[in-house]
Amino acid sequence: MIIITGRMNNCIVIPAFNEAKTIESVLRDLNRENYSIIVVDDGSTDDTASIARSCGVFVIRHMINRGQGAALKTGITFALMMGADFIVTFDADGQHKSTDAKALLTPLHNRESDVTLGSRYLRSSDKTHVPGLRRFLHKLAVIYTNMTTGLSLTDTHNGLRGFTRSAAQKITFYEDRMEHASEILEDIARKKIQYQEVPVTVEYSEYSKGKGQKTSDVFLLLIKLLINKLK
Amino acid sequence: MIVQILFSLFILFAFSRVVLRYRENSIGFFAFIFWSILWVVISIFLWYPDISSILANWVGIGRGVDVLIYVSIVIIFYFLFRLYVRHEEANRNITNIVRHQALHDAEGDYIKKDKV
């Protein structure tokens with residue numbers, strides 16, 4: 001089997017659902033570095049896939065929408081299939097910057113840990129970007145997740161994560177929708193995988209605030225987290 | 001008396017449907033047994049309503065009707081839970097199929113196989 005594209009050293013996995021407005025600028029931002037980029041189009045009904053294809057990145061398409069967790073898993077599976085050594089998860093709505101991807105990869109390259117987790121709450125300059133109510137709900141989620149997993153994190157629902165190949169192979173998660181975030185952390189705790197938090201800046205624009213997790217969804221997430229504990 | 005006779009006719013009809021469905025393999029054996037027993041129990045309470053009162057006194061709850069309602073609710077919650085589990089499983093299966101298809105297409109697009 002010949003892999004046409006050459007080395008897949010650093011792989012960025014971007015799950016995307018109807019992000020035609022922002023995907024191009026996100027990809028241009030990332031394309032400046034020598035990354036292998038995988039966009040997983042999660043059943044978008046707009047031009048997300050074709051725009052991504054025109055930017056010359058790998059595009060995988062889910063025929064129907066299955067959720068961010070599902071899209072992430074598909075992307076990571078593909079990245080591993082293609083021989084990726086390092087995988088970074090990245091959002092398609094413009095909230096993340098390529099400098100954050102680099103920040104996540106550096107500790108992995110230096111073998112400081114197997115997993116890097118982005119946090120909005122390590123630097124005060126990053127904290128101020130987060131809208132008030134959201135910050136409060138995140139705080140609740142952090143307290144709860146730290147209690148139940150034994151991890152000590154400052155941000156438990158951040159789409160920016162970095163994995164070494166072996167960490168990506170070890171971590172399994174099944175939830176399709178937003179619950180995958182806590183599943184991943186639980187697995188890291190359970191399998192005692194070396195992790196560290198990395199400060200990142202998440203830019204909230206009117207667009208991404210509307211598109212991203214609504215505050216009501218975060219409420220629902222907290223409730224689901226509690227129910228899932230029964231599993 | 002008239003009410004009991006009318007309801008009994010309906011129960012006979014309902015039971016005949018259960019038998020029919022079982023014979024044509026629309027429902028399985030355990031479903032057949034479950035629904036048969038259910039209609040029998042309903043008939044007993046229909047003709048001997050005092051039994052629910054006896055049951056109520058035995059359990060320590062006020063009215064016979066209340067006991068029946070509490071039991072029904074518990075049974076409904078149980079079935080709801082089972083339904084939820086099956087639903088989750090179905091969702092997982094759908095995602096696995098969608099993923100398989102997506103990766104298969106991607107393989108076709110990006111990975112060229114050696115010509116043997």
Side-chain angles (χ1 to χ4, degrees), chain A residues 1-6 8 11 13 15-17 36-44 48-50 52-53 56-84 172-180 183 224 227-228 230-231, chain B residues 25-31 33-35 37-38 41 55-56 59-61 65-116:
Chain A
M1 186 173 82
I2 299 173
I3 298 174
I4 282 287
T5 51
M8 292 272 289
C11 213
V13 171
F17 177 60
S36 298
I37 301 173
I38 300 170
V39 170
V40 183
D41 175 18
D42 192 18
S44 300
T48 302
S50 49
R53 264 189 256 267
V57 301
F58 290 101
V59 179
I60 309 178
R61 243 189 92 79
H62 277 174
M63 282 174 73
I64 50 179
N65 178 255
R66 298 312 298 163
Q68 197 186 55
L72 216 63
K73 190 167 175 179
T74 300
I76 292 174
T77 306
F78 182 72
L80 291 172
M81 251 169 67
M82 299 289 263
T172 52
F173 59 101
Y174 302 102
E175 292 289 346
D176 289 347
R177 306 247 162 223
M178 292 319 291
E179 301 83 44
H180 74 272
E183 261 201 312
K224 268 200 158 182
I227 294 177
N228 275 346
L230 295 170
K231 285 213 199 139
Chain B
N25 283 320
S26 291
I27 62 174
F29 174 72
F30 290 110
I33 296 295
F34 171 77
W35 289 105
I37 292 177
L38 190 78
V41 168
L55 214 75
V59 180
I61 298 173
V65 168
D66 290 346
V67 178
L68 295 174
I69 290 176
Y70 296 154
V71 170
S72 301
I73 288 177
V74 169
I75 293 175
I76 288 172
F77 268 124
Y78 170 69
F79 276 113
L80 205 67
F81 174 70
R82 278 188 53 160
L83 200 69
Y84 171 75
V85 172
R86 293 250 180 91
H87 182 256
E88 290 285 292
E89 201 184 318
N91 268 338
R92 265 200 300 277
N93 285 337
I94 292 173
T95 296
N96 283 338
I97 293 171
V98 171
R99 175 170 303 127
H100 183 90
Q101 182 67 49
L103 290 173
H104 181 263
D105 292 343
E107 224 184 321
D109 288 340
Y110 301 116
I111 302 177
K112 302 283 188 267
K113 303 262 193 247
D114 284 330
K115 289 209 171 54
V116 179

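The sequence lines fix the lettering, A, B, ..., with proteins before strands; numbering per chain opens at 1.
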Query raised in the report: So what's closer than 4.5 Å to chain A heavy atoms on B:I94: side chain, backbone, both or neither?
Result: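 Backbone plus side chain of B:I94, per the 4.5 Å heavy-atom cut-off to chain A.
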Requested in this report: Could you grab the distance from atom OH of A:Y174 to atom OG1 of B:T95, nearest 0.5 Å is fine?
Outcome: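 The OH atom of A:Y174 sits 13.0 Å away from the OG1 atom of B:T95.
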Query - Approximate separation, where rounding is to 0.5 Å, of A:I60 CD1 and B:D105 CG - result: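 Rounded to the nearest 0.5 Å, the CD1-CG separation comes out at 10.0 Å.
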Query raised in the report: Is there side-chain contact between A:R61 and B:Q101, with at least one heavy-atom pair below 4.5 Å?
Result: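 A:R61 vs B:Q101: side chains apart.
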Query raised in the report: Side chains of A:R53 and B:D109: does their closest heavy-atom pair fall under 4.5 Å?
Result: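 Yes. Closest side-chain heavy atoms under 4.5 Å.
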Requested in this report: Would you confirm whether B:Y110, through its side chain, and A:V59, through its main-chain N or O, come within 3.5 Å as a donor-acceptor pair?
Outcome: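 Such a contact is found between B:Y110 side chain and A:V59 backbone.
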Query raised in the report: With no hydrogens and no angle check, is any side-chain donor or acceptor of A:R66 less than 3.5 Å from a backbone partner on B:N91?
Result: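 The answer is yes, because a donor-acceptor pair under 3.5 Å joins these two groups.
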Report task. Write down the atom of A:H62, the atom of B:A102, and the distance for their closest heavy-atom approach. Result ->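 Reported closest heavy-atom pair: CD2-CB, 3.8 Å.
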